[in-house]
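This report refers to the structure that appears directly beneath it.
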Amino acid sequence: MNYMNTPVADAKAVNELLARYGVKFGIYKNGTFNEQLFPFDAIPRIISAEDFSAMEKGLVQRVDALNLFLKDIYSDGKIIKDGIIPEVFVYISKGYLAPCAEITPPKGIYSHISGIDLVQAQDGTWYILEDNLRIPSGASYPLIARELCRMASPGAFENNRIADNRNYASLLRSTMDHVNCGGINVILTPGRYNAAYFEHSYFAEKTGAILVQNSDLFVENNILYMKDYQGGKTRVGAVYRRISDEYLDPMTFLPESLIGVPHIMDAYRAGNVAIINAPGNGVADDKGIYYFVPKMIKYYLGEEPVLKNAPTYLPFYEEDRKYVLDNLEKLVIKDVSEAGGYGVVFGRDMTKEQLSDWRRLITEQSRRFIAQEIIDFIDLDVMENDRTVLRKADLRAFVLSGEKTQVWASGLTRFSRKANSFVVNSSQGGGFKDTWVLLPE
Amino acid sequence: MGAITGININNLFWLGRYVEKVFTTLNSFFKYADRFIEGGQAAYEKYLADINVPDIYENSEDFFKRYVFDLSDPNSIISNLDRALGNGIVLREEIKTPSLSYLQMAMDRFKACEGTTKIRYDMLPVRDAIYAFWGSVDSNMTNMDALRIIHLGKSVERADMYLRLGYPSEEVFTQLDNLIKHVSEFVDSDAGIVNSVTFEALKYVADSRIDLIGNRSLVLENIENLIEVNFFEAAAV
């Protein structure tokens, strides 16, 4: 492929700009916090208008179904009563939070910002790899990268018909405004030493929300307030929180949390503040629940899923367990409680002894694991020392649910920087690309 | 009035102070570097005493190297720039990304100068970036209260440093007048931010143009206590 119509020719300038604008992420290694640049590859992933259109339909359908699932299991639990999903996959999931039962979030939306990870197989089929409905991060990187690429390499955008992705902040803002219960929007960050702090501060800048830490907030009479430097208080109507559920409110969840806001759950329960995303969403992006999402789509929407799951087996079911044990060498095993690329092992990399150990573990703890066929997803060209090499890459699509469910016409393409590795996570050394969605002819 | 959190007030004030500290110390350091060209021993001991920095350096060469570039030396110029950048990073949404980028550029350029034999020339882009930072905050910030706090920090630091570094009295008085102007805005609008006793004392100093050399310690003390430390500490809790 000829990359002269992409920012490749100006890659050095783009990377200089990324450094200049502090596009970094933090990582803890051996107990030390280090901030580093997120390696950027100037060759974009390109998605045709037709491909995106189909993907868009599938993502909206999936996120709508997941929102309905969350509403259901935190109220009537019809999907369980109707035998579509076994109870054991819901109520003992680490992501299911009993204190959220019977709470209906403002406008009934649970997952306002959904990060759906996809891969494209060699035949062009897109597969859903994972749903992220808690605090999916990463949209800020392609957002700012696009801005900088347009600055450093305007020619690339003159010569290609690319959907402008710089509307993410306005989508985010309107999502917050839609569920706001009266008051200001704030972004709640654990602070400077969080891995995604750049994103927190950048979104605050771009949406006009106020970046706060827990000590800036307090609850009085079930209303959340931000205190200002003069001792005054301002009511908060929506909190885009970037801290995990368990740390959100020490009065409800982990009492030892030092980054949460005491009684914020009371304000939320009283319908006085929107929490984005809603607490308790982890039950729906559990890797075990992933298996059931196509069934959810049929159950709630009466539609066939547009996008496919990667072929997945649940050792919980005897038939699946037998298949997994017989075919472990060719499967990838995932621990349902892990994230970020951790807890993922490939059968093909195991010794005989390890395979035997894993068979025993899977048999003993069948609910803990899922097994998937390894999708030979396409390699993308990546620049490495002035030459192109092929590397595995996924795509995190961002779906925003406000007045309507919308897919951001872009996304975070993450790639592995190691040959033959399927692990693309930034925390494990991966890089990122911009994602170009082409406009229809 | 734009909403500002207590933590941000603290960071805004110290951002202004640290950026100004880097700028003023760089300028004064360049004067010493200039004297060093002909091989004369720059009196770095007096310089350190003036700015209240302990003399931990073995000789002039060590001072030139570590006082400028050693991040592990908490008094070095680069350490102060690091603190300015650290405050800037947590204020991106207030000062805006272009303003933060100038601090990042200043740091990147500063680090690239280590080992140079023509420090005043090579460091020019660092000063340019700081000038650009001030232009950027003035142009891009939308929360005027936040902007006023940064400038308050800057004017406190400048008056302090000019007096410490022995600038001519008229220049120091100009900076004191500027500081009083900035502080007056807070005296009028936000009771409790300013220590009124020290403020009145400084106004007297400025109005009567008293002998600054003879009263140096007293004036410095008043500048340092002008902004209620308790206010910032309390707000940050």
Side-chain angles (χ1 to χ4, degrees), chain A residues 15-26 33 35 37 140 143-144 147-148 151 169 183-194 196-218 225-236 240, chain B residues 1-13 82 85-109 111-112 125 129 132-133 136 140-143 145-146 148-149 152 186 189-193 227-228 231-237:
Chain A
N15 277 296
E16 280 173 6
L17 286 170
L18 287 164
R20 172 177 168 162
Y21 285 96
V23 184
K24 296 174 182 175
F25 71 98
F33 178 79
E35 222 170 21
L37 293 172
S140 59
L143 180 64
I144 194 167
E147 178 66 28
L148 302 182
M151 193 189 295
I184 57 171
N185 296 324
V186 300
I187 297 177
L188 174 60
T189 175
R192 165 85 174 78
Y193 297 106
N194 180 270
Y197 185 79
F198 160 75
E199 178 154 296
H200 308 168
S201 58
Y202 191 61
F203 283 158
E205 177 188 0
K206 293 296 170 190
T207 61
I210 295 181
L211 188 66
V212 296
Q213 294 187 36
N214 62 333
S215 57
D216 299 314
L217 301 176
F218 67 98
Y225 293 99
M226 185 195 87
K227 55 187 167 194
D228 64 36
Y229 74 104
Q230 294 166 295
K233 61 184 184 185
T234 306
R235 183 173 170 173
V236 176
Y240 179 19
Chain B
M1 171 171 283
I4 310 175
T5 65
I7 292 172
N8 273 7
I9 283 288
N10 202 17
N11 292 328
L12 287 160
F13 179 72
D82 194 46
L85 179 60
N87 276 285
I89 286 171
V90 297
L91 289 166
R92 180 189 289 268
E93 78 284 2
E94 287 285 7
I95 65 174
K96 310 301 178 192
T97 291
S99 311
L100 177 56
S101 79
Y102 289 116
L103 294 181
Q104 185 67 57
M105 285 171 70
M107 177 57 91
D108 293 345
R109 185 65 206 180
K111 285 180 175 171
F133 166 79
S136 180
N140 292 316
M141 283 181 68
T142 49
N143 186 335
D145 288 323
R148 283 164 55 210
I149 297 281
L152 179 65
F186 290 90
S189 63
D190 304 302
I193 293 177
I227 303 304
E228 292 280 19
F231 161 73
F232 290 108
E233 286 181 349
V237 169

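A, B, ... follow the sequence lines: proteins, then strands. Residue 1 opens every chain. What you see is a predicted model, and the numbers here were worked out from it, not measured in a lab.
Separating the CG atom in B:Asn8 from the CD atom in A:Gln213 is a distance of 8.5 Å, to the nearest 0.5 Å. Remark: A:Glu205 CD to B:Leu91 CG distance equals 11.5 Å, nearest 0.5 Å. Put simply, CD1 on B:Ile9 and CG on A:Asp228 are 8.5 Å apart, with the number rounded to the nearest 0.5 Å. Atoms NZ and CD1, on A:Lys227 and B:Ile4 in that order, are 16.0 Å from each other to the nearest 0.5 Å. Taking CG of A:Leu211 as the start and CD1 of B:Ile7 as the end, the distance is 9.5 Å to the nearest 0.5 Å. Expressed to the nearest 0.5 Å, how far CZ of A:Phe198 lies from CD1 of B:Ile89 amounts to 11.0 Å.
Remark: the backbone N or O of A:Ala209 is not paired with any side-chain donor or acceptor of B:Glu93 at under 3.5 angstrom.
Cation-pi geometry between B:Arg92 and A:Tyr197 is not satisfied (NZ or CZ under 6.0 Å from the ring centre, within 45° of the ring normal).
At a 4.5 Å heavy-atom cutoff, the contact between A:Lys24 and chain B is made by side-chain atoms alone.
When all heavy atoms of B:Pro98 and A:Tyr21 are compared, the closest pair comes out as CA-CE2, 4.2 Å.
Contact annotation: the side chain of B:Thr5 approaches that of A:Met226 to within less than 4.5 Å [non-hydrogen atoms, C-beta and beyond].
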